[in-house]
Amino acid sequence: MSLNNYDNLTTYCPQLGGLIPFHFCRVAASGILCRKVVVCWEFSFDIASFLVKHYTPEELKNALAAPTRTRLAHIVDCAQKAIANKNQES
């Protein structure tokens, strides 16, 4: 089984709200696995075996770990940056 063996399979992505190919999940975050890859693909093929075969334990730990920041914290940061940019333009 090669790394791109399942790249053309598609599934519904709850984060994006539409169908996406497996390839997108493999490189979603700057070439790093999407942290929801197991949840989204567990019923399509043996995702656990695929991940263990193609990724090191360190890569899996980094990719599948819970985010260090909440979505709300990210939104607040973006809003603060937008306000700061608007103030600089004025």
Side-chain angles (χ1 to χ4, degrees):
M1 158 182 20
S2 68
L3 181 63
N4 59 0
N5 197 50
Y6 300 108
D7 279 358
N8 292 327
L9 292 179
T10 59
T11 194
Y12 178 79
C13 175
Q15 290 184 308
L16 298 178
L19 290 176
I20 50 104
F22 181 64
H23 175 262
F24 181 83
C25 301
R26 287 196 307 105
V27 297
S30 302
I32 300 171
L33 286 165
C34 173
R35 67 183 177 87
K36 301 245 182 206
V37 70
V38 174
V39 173
C40 294
W41 292 96
E42 66 184 330
F43 298 111
S44 298
F45 61 93
D46 188 358
I47 186 68
S49 293
F50 176 87
L51 295 175
V52 168
K53 181 176 181 178
H54 295 288
Y55 297 92
T56 67
E58 186 67 22
E59 289 172 323
L60 292 173
K61 179 183 171 190
N62 291 337
L64 304 179
T68 56
R69 295 176 49 209
T70 65
R71 181 173 279 170
L72 180 59
H74 179 69
I75 292 169
V76 169
D77 287 348
C78 288
Q80 289 173 337
K81 287 178 185 176
I83 291 168
N85 287 340
K86 184 176 181 180
N87 290 339
Q88 287 178 354
E89 291 174 0
S90 298

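Below, all heavy atoms of this structure are taken into account, side chains as well, without hydrogens, waters or symmetry copies. This structure is a prediction, so every number in the text was calculated from the model and none was measured. In what follows, residues are counted from 1 in the order of the sequence shown.
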Sub-4.5 Å side-chain heavy-atom contact between [X] and [Y]:
X: C40; Y: C13; answer: no
X: V37; Y: F22; answer: yes
X: L33; Y: E59; answer: no

* Kindly give the heavy-atom pair with the smallest separation between V38 and L64, and that separation in Å. =>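 Residues V38 and L64, closest heavy atoms: CG2-CD1, 4.4 Å.
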* To do: Would you name the heavy atoms of D7 and P21 that are closest together and state the gap between them?
  =>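 The answer is O-CB, 3.4 Å.
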Point-to-point distance, once rounded to the nearest 0.5 Å, from [atom1] of [X] to [atom2] of [Y]:
X: L19; Y: L9; atom1: CG; atom2: CG; result: 12.0 Å
X: C34; Y: I20; atom1: SG; atom2: CD1; result: 7.5 Å
X: I83; Y: C78; atom1: CD1; atom2: SG; result: 11.5 Å
X: N62; Y: R35; atom1: CG; atom2: CZ; result: 14.0 Å
X: D46; Y: L51; atom1: CG; atom2: CG; result: 9.0 Å
X: F50; Y: L3; atom1: CZ; atom2: CG; result: 5.0 Å

* Determine whether more than 12 heavy atoms belonging to other residues, nucleotides or ligands lie under 6.0 Å from atom CG of N87. => yes
* Geometric class of the F45/Y6 ring pair [parallel <30°, tilted 30-60°, perpendicular >60°] -> parallel
